[in-house]
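Structure record follows, encoded as structure tokens.
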2 protein chains.
Amino acid sequence: MTHRDRPPGERAGGAAEVPGHVAEAAERALGAAVSLWNRAGQQLPASLSPIQLQTIEIIARNDGINLGGLAAELDAIPSSASRLCDRMEAAGLIVRESAPADRREVVLRLSDEGLRLFTELSRRRQEAVARVLAEMTPGSRRRLIDALAEFGRLCEEPDVPGSRSLDSRSA
Amino acid sequence: MTHRDRPPGERAGGAAEVPGHVAEAAERALGAAVSLWNRAGQQLPASLSPIQLQTIEIIARNDGINLGGLAAELDAIPSSASRLCDRMEAAGLIVRESAPADRREVVLRLSDEGLRLFTELSRRRQEAVARVLAEMTPGSRRRLIDALAEFGRLCEEPDVPGSRSLDSRSA
DNA sequence: TATTGTTATACTCTATAACTATA
DNA sequence: TATAGTTATAGAGTATAACAATA
């Protein structure tokens, strides 16, 4: 599906093939979508900070992740992640366990309350997106979903510049 | 997984018309896009915090906004916004002026440095999006841009539930 | 008096550096 | 010694409440 018949040596990863006004339109539309996305989290009844919300998502998708792994996912240092876990454990959102294999490590899991919040967050995001999708014609909606799915897959590909694996803390 | 084919021409009006698996796919794809979007800001050479980045965007798009307006856009209270402006003014990113019409008000503008950062942020976001778009086939890309533009417009419409005008501070 | 913004205080979030425990 | 995590300290970000200036 990944249509890449360009010679590997060509410049800028092929971004030059996309006209400026197209990138600008995409930026504007994505900006509105990002706002919609973020509001779904802000409107949760529990009123978690963005970083606590992000932490819940990371642990939900990486059950049993250790503290260093969480810090890496947050793009933060272990000390910050540790303090964050202090507060989230005290708030009853996560649990810290000692890893059986290596007792230096800490295994992180969601508490029942944390899992409930994650489920609710996902539900609200889907609902917010669905409300907008419902305003579109079925044809537009179908084209958006299909194209967006491809776009999302490409965003997750590690070989896309600016995707992951960058140490932005040293910037 | 019942694929509901609705008769075309029927008025779209409720989120219930969008099947759950469609909303789920959209959530997943948008999540990846949101990550791409956020990384563009994190990788700026200046290393601003998300809230400072957001403040720069708000002032850039609302030149001369007053402090209360900024606070509302940030979904924060004036006191928090005032402290934020203290630091950003000290960092040379924004300037505070007294409003000529009403001397109680404070008019906020970007400094040259703040404007430069905003331009760079926008450039990097467009570049990140363009790099992914360049990986798509021209047809998919076209369909995505067209459908995404419509989606973006609908996200910005005030009558879409969960759009704006919500006082999430009281939640 | 009502509105706009700032200051006092306290808590969360984050990084640097020093530390403890385990390997 | 090297690794995983915590604690000490300090500064940024935020809210509540009290305050000052202007309308």
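Below, chains carry the letters A, B, ... as their sequence lines are ordered, and counting in each starts from 1.
- For Arg104(A), the listed nucleotide lying nearest its side chain is dA2(D); candidates were dT7(D), dT14(D), dA2(D).
- At a threshold of 4.5 Å between non-hydrogen side-chain atoms, the residues Gln126(A) and Val129(A) do not count as touching.
- Comment: Glu24(A) does not engage Arg28(A) in a salt bridge, judged by the lack of any side-chain N to carboxylate O separation of less than 4.0 angstrom.
- Residue Arg103(B) is in sugar-phosphate contact alone, with no base atom involved, counting any heavy-atom pair closer than 4.0 Å across all strands shown.
- The side chain of Ile51(A) sits closest to dC13(C) out of dT16(D), dA15(C), dC13(C).
- Residue Leu84(B) contributes atom CG, which lies 10 Å from atom C1' of dT14(D) at whole-angstrom precision.
- Remark: Ser49(A) is in phosphate contact with dC13(C), judged by side-chain N or O atoms under 4.0 Å from OP1 or OP2.
- A close approach under 4.0 Å does not occur between any side-chain nitrogen or oxygen of Ser79(A) and OP1 or OP2 of dA17(C).
- Leu70(B) has its CG atom 14 Å from the C1' atom of dT4(C), to the nearest Å.
- Dashed line: the shortest gap from a side-chain N or O of Gln52(A) to OP1 or OP2 of dT12(C) is not under 4.0 Å.
- Out of dC13(C), dA8(D), dA8(C), the shortest distance to the side chain of Arg83(A) is found at dA8(D).
- Proximity of Ser82(B) to the phosphate of dT6(C): a side-chain N or O atom is located under 4.0 Å from OP1 or OP2.
- Ion pair Arg141(B)/Asp146(B) not flagged as a salt bridge, since none of the NZ, NE, NH1 or NH2 atoms sits closer than 4.0 Å to an Asp/Glu carboxylate oxygen.
- Comment: Glu17(A) does not engage Arg131(B) in a salt bridge, judged by the lack of any side-chain N to carboxylate O separation of less than 4.0 angstrom.
- The distance between atom CD of Gln54(A) and atom P of dT12(C), rounded to the nearest whole Å, is 19 Å.
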